[in-house]
*Asks:* 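Right, I'll just put the structure down here and ask away after.
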Amino acid sequence: MLRSRRSVLSAIAAGLVVGSLALPTSASALTLGFAQVGAESEWRTANTVSIKEAAKAAGITLKFSDAQQKQENQIKAIRSYIAQKVDVIAFAPVVTTGWDTVLMEAKKAKIPVILTDRSIETKDPSLYVTMIGSDFTEEGQKAAKWLLDNYKTPGDVNIVELQGTVGSAPAIERKKGFEEGIKGEPRFKITRSQTGDFTRAKGKEVMEAFLKTDKNIQVLFAHNDDMAIGAIQAIEAAGMKPGKDIIIVSIDAVKGAFEAMMAGKLNVTVECNPQLGPQLMTVVKEVKAGKEQPKWVKTVEGVFPMETAAKEFPNRKY
Ligand code: GZL
């Protein structure tokens with residue numbers, strides 16, 4: 001189930017109250033088991049820092065695991081949290097499918113589950129209390145809108161796309177939003193699209209392959225800044241100027257993207273805020289206190305074009 005507005009609203013209407021549990025008297029008694037995706041990008045590293053710092057500040061005991069972007073490792077970690085009888089389980093699902101069995105085990109153990117960052121497809125929305133994270137479709141639409149508003153060179157616009165992790169909500173939804181955004185402009189075409197798995201190394205490798213087969217590329221759309229930064233290295237190695245010969249549109253707004261924009265090598269980055277830690281800890285406490293939660297706690301985000309980079313950079317926290 002990718003979050004559609006209607007399903008979010010119907011789930012809110014259904015409302016979900018965590019079962020009545022013996023409530024700890026203070027947050028210090030609370031233990032949160034968190035199964036992180038990995039450490040694949042600057043975004044993920046900042047997300048992990050936010051969660052660890054917020055748990056400490058909230059007096060919540062944090063059990064943390066890094067799945068190296070493998071679903072089986074996240075499932076193992078969730079099972080170990082169930083065995084340890086933590087108060088709440090939270091995780092950022094690496095892909096959208098394959099979670100119902102382990103989440104049913106958590107439900108049977110009466111341990112509430114909170115999704116952060118990425119959503120899942122499930123036949124049973126009661127398997128998780130809420131999802132705290134961005135609207136990835138909107139991020140893809142924002143990327144496309146910036147391109148249509150700012151790309152003025154006449155003629156065909158061949159776009160190559162570096163997709164995020166195959167099967168992940170951000171990859172599926174950013175692609176969908178971007179394609180919706182360029183639909184009305186037939187000269188803008190995605191000519192090639194391949195996953196770079198959200199990493200710099202893979203982004204560079206795939207961009208090298210794109211350039212090797214056909215250099216007639218006007219735009220690169222990268223689902224995250226790390227792949228864009230890897231691609232910038234490949235574009236320069238091919239003797240072309242990133243940000244000029246090839247316009248680069250990316251997502252996340254991590255520090256590396258601002259540095260690339262200040263160097264004139266990246267044209268715009270759409271913000272995807274990784275600092276979900278404080279919101280997560282608030283929701284953990286509210287869930288344990290039996291407070292009803294909306295099915296989706298949406299993060300607020302902006303768009304940062306190259307021209308604003310130098311001014312904005314000192315304010316960036318990740
Ligand atoms: C988005 C997050 C994505 C980032 C990538 O919320 O899931 O995963 O865009 C990260 O940088 O690897």
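Excluded from the calculations below are hydrogen atoms, water molecules and symmetry mates; all remaining heavy atoms, backbone and side chain alike, are included. Residue numbers start at 1 and run along the sequence shown.
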*Asks:* Could you tell me whether a side-chain N or O of N224 sits under 3.5 Å from a main-chain N or O of F198, the two making a donor and an acceptor?
*Replies:* yes
*Asks:* Check A169 against T96 and note the closest heavy-atom contact, atom names and distance.
*Replies:* N-CG2, 3.5 Å
*Asks:* Does the side chain of R192 reach to within under 4.5 Å of the side chain of I159, using non-hydrogen atoms?
*Replies:* no
*Asks:* Has the side chain of S168 got a donor or acceptor atom that lies under 3.5 Å from a matching backbone atom of G164?
*Replies:* no
*Asks:* What I want to find out is whether E259 reaches K255 closely enough, with some N-O distance under 4.0 Å, to be called a salt bridge.
*Replies:* no
*Asks:* Taking the side chain as every heavy atom from C-beta outward, state whether M131 and T116 have any atom pair closer than 4.5 Å.
*Replies:* no
*Asks:* Can you tell me how far the OG1 atom of T153 sits from the CG atom of N150, to the nearest 0.5 Å?
*Replies:* 11.0 Å
*Asks:* Looking at every non-hydrogen atom in both residues, tell me the closest pair between A58 and M281 and how far apart they are.
*Replies:* CB-CB, 3.9 Å
*Asks:* Going by the side chain to side chain contact (heavy atoms under 4.5 Å, CB included) test, name the single residue among L220, I248, T195 that passes it with L162.
*Replies:* L220
*Asks:* Is it the case that Q84 and K63 place a side-chain donor and acceptor less than 3.5 Å from each other?
*Replies:* yes
*Asks:* Does a donor on one side chain and an acceptor on the other come within less than 3.5 Å for Q194 and Q163?
*Replies:* no
*Asks:* Locate the shortest heavy-atom distance separating A35 from I78; write the atom from each residue and the value.
*Replies:* CB-CG1, 4.3 Å
*Asks:* Is K175 salt-bridged to E161, cutoff N-O under 4.0 Å?
*Replies:* yes
*Asks:* A side-chain contact here means heavy atoms from C-beta on lying under 4.5 Å apart; do I114 and I89 qualify?
*Replies:* no
*Asks:* Considering all heavy atoms of both residues, which atom of A54 and which atom of G277 are nearest to each other, and what is their separation?
*Replies:* CB-C, 3.3 Å
*Asks:* With a 3.5 Å distance limit and no angle check, can you tell me whether T130 reaches the backbone of P294 through a side-chain donor-acceptor pair?
*Replies:* yes
*Asks:* V268 versus S250: any side-chain heavy-atom pair under 4.5 Å?
*Replies:* no
*Asks:* Strictly distance-based, threshold 3.5 Å: is any side-chain N or O of K110 a donor or acceptor partner for the main-chain N or O of K107?
*Replies:* no
*Asks:* Please state whether the rings of F258 and F313 are parallel, tilted or perpendicular, taking 30° and 60° as the class boundaries.
*Replies:* tilted
*Asks:* Verify, without hydrogens or angle tests, whether Y318 (side chain) and Q275 (backbone) share a donor-acceptor contact under 3.5 angstrom.
*Replies:* no
*Asks:* Do you see a donor-acceptor pair shorter than 3.5 Å between the side chains of T191 and N158?
*Replies:* no
*Asks:* Taking the side chain as everything from C-beta on, heavy atoms only, tell me whether I182 gets closer than 4.5 Å to L148.
*Replies:* yes
*Asks:* To the nearest 0.5 Å, tell me how far K108 NZ sits from L103 CG.
*Replies:* 11.5 Å
*Asks:* Would you say the side-chain atoms of T48 and Q36 include a donor-acceptor pair closer than 3.5 Å?
*Replies:* yes
*Asks:* I need the M306 CE to T269 OG1 distance, nearest 0.5 Å.
*Replies:* 11.5 Å
*Asks:* With distance as the sole test, does D87 use its side chain to make a donor-acceptor pair with the main-chain N or O of T31 at under 3.5 Å?
*Replies:* yes
*Asks:* Among side-chain atoms of T299 and S134, is any donor-acceptor pair under 3.5 angstrom?
*Replies:* yes
*Asks:* Mind running side chain to side chain contact (heavy atoms under 4.5 Å, CB included) on F304 and V270 for me, showing each step along the way?
*Replies:* CA-CA 6 Å; F304 296 97; V270 173; over 6 Å; no
*Asks:* Test D100 against K123 for side chain to side chain contact (heavy atoms under 4.5 Å, CB included), laying out the working first.
*Replies:* CA-CA 8 Å; D100 283 12; K123 290 186 279 304; 4.1 Å; yes
*Asks:* Under 4.0 Å between a Lys/Arg side-chain N and an Asp/Glu carboxylate O for D226 and R200?
*Replies:* yes
*Asks:* For a salt bridge (charged side-chain N to carboxylate O under 4.0 Å, His left out) check, start with the C-alpha distance between E301 and K142, then their side-chain angles and the critical distance, and finish with the verdict.
*Replies:* CA-CA 10 Å; E301 296 156 346; K142 285 177 182 175; 5.1 Å; no
*Asks:* Check for me whether R118 meets the cation-pi criterion with F136, that is, NZ or CZ under 6.0 Å from the six-membered ring centre and within 45 degrees of the ring axis.
*Replies:* no
*Asks:* Do H223 and E139 meet the criterion of a side-chain donor-acceptor pair at a distance under 3.5 Å?
*Replies:* no
*Asks:* Between the side chains of R44 and D117, is the shortest nitrogen-to-carboxylate-oxygen separation below 4.0 Å, so that they form an ion pair?
*Replies:* yes
*Asks:* Give me the atom names and distance for the closest heavy-atom approach of G133 to W296.
*Replies:* O-NE1, 3.0 Å
*Asks:* For Y128, does the six-membered ring have the charged nitrogen or CZ of K295 within the cation-pi criterion, i.e. under 6.0 angstrom from the centroid and within 45° of the normal?
*Replies:* yes
*Asks:* Count the heavy atoms of every other residue, nucleotide or ligand shown that sit under 6.0 Å from NZ of K244, and state whether that count exceeds 12.
*Replies:* yes
*Asks:* Would the distance check show the side chain of K56 and the main-chain N or O of L62 forming a donor-acceptor pair, the cut-off being under 3.5 Å?
*Replies:* no
*Asks:* Decide yes or no for L276 and I51: does some side-chain heavy atom of the first lie under 4.5 Å from some side-chain heavy atom of the second?
*Replies:* no
*Asks:* Should R316 and E271 count as an ion pair when the cut-off is N to O under 4.0 Å?
*Replies:* yes
*Asks:* Using modelled atom types and a 3.5 Å cut-off, is there a donor and acceptor pairing between side-chain atoms of K152 and backbone atoms of D149?
*Replies:* yes
*Asks:* Output yes when a side-chain donor or acceptor of Q71 lies under 3.5 Å from a complementary backbone atom of T97, and no otherwise.
*Replies:* yes
*Asks:* Between D197 and K202, is there a salt bridge with N-O shorter than 4.0 Å?
*Replies:* no
*Asks:* For the pair N47 (side chain) and W43 (backbone), establish whether a donor and an acceptor sit closer than 3.5 Å, ignoring hydrogens and angles.
*Replies:* no
*Asks:* Let's go through F91 and W99 carefully: what are the C-alpha distance in whole Å and the side-chain angles of both, what is the deciding distance for ring pair (Phe, Tyr, Trp, His ring centres under 6.0 Å) to 0.1 Å, and is it a yes or a no?
*Replies:* CA-CA 11 Å; F91 73 113; W99 301 101; 4.8 Å; yes
*Asks:* Do K298 and E138 come within less than 4.5 Å of each other through their side chains, counting heavy atoms only?
*Replies:* yes
*Asks:* Inspect the contact between K145 and E180 and indicate whether a charged nitrogen and a carboxylate oxygen are less than 4.0 angstrom apart.
*Replies:* no
*Asks:* Is the closest side-chain heavy-atom distance between L30 and T61 below 4.5 Å?
*Replies:* no
*Asks:* Work out which heavy atom in V113 is nearest to a heavy atom in A106; give both atom names and the distance.
*Replies:* CG2-CB, 3.8 Å
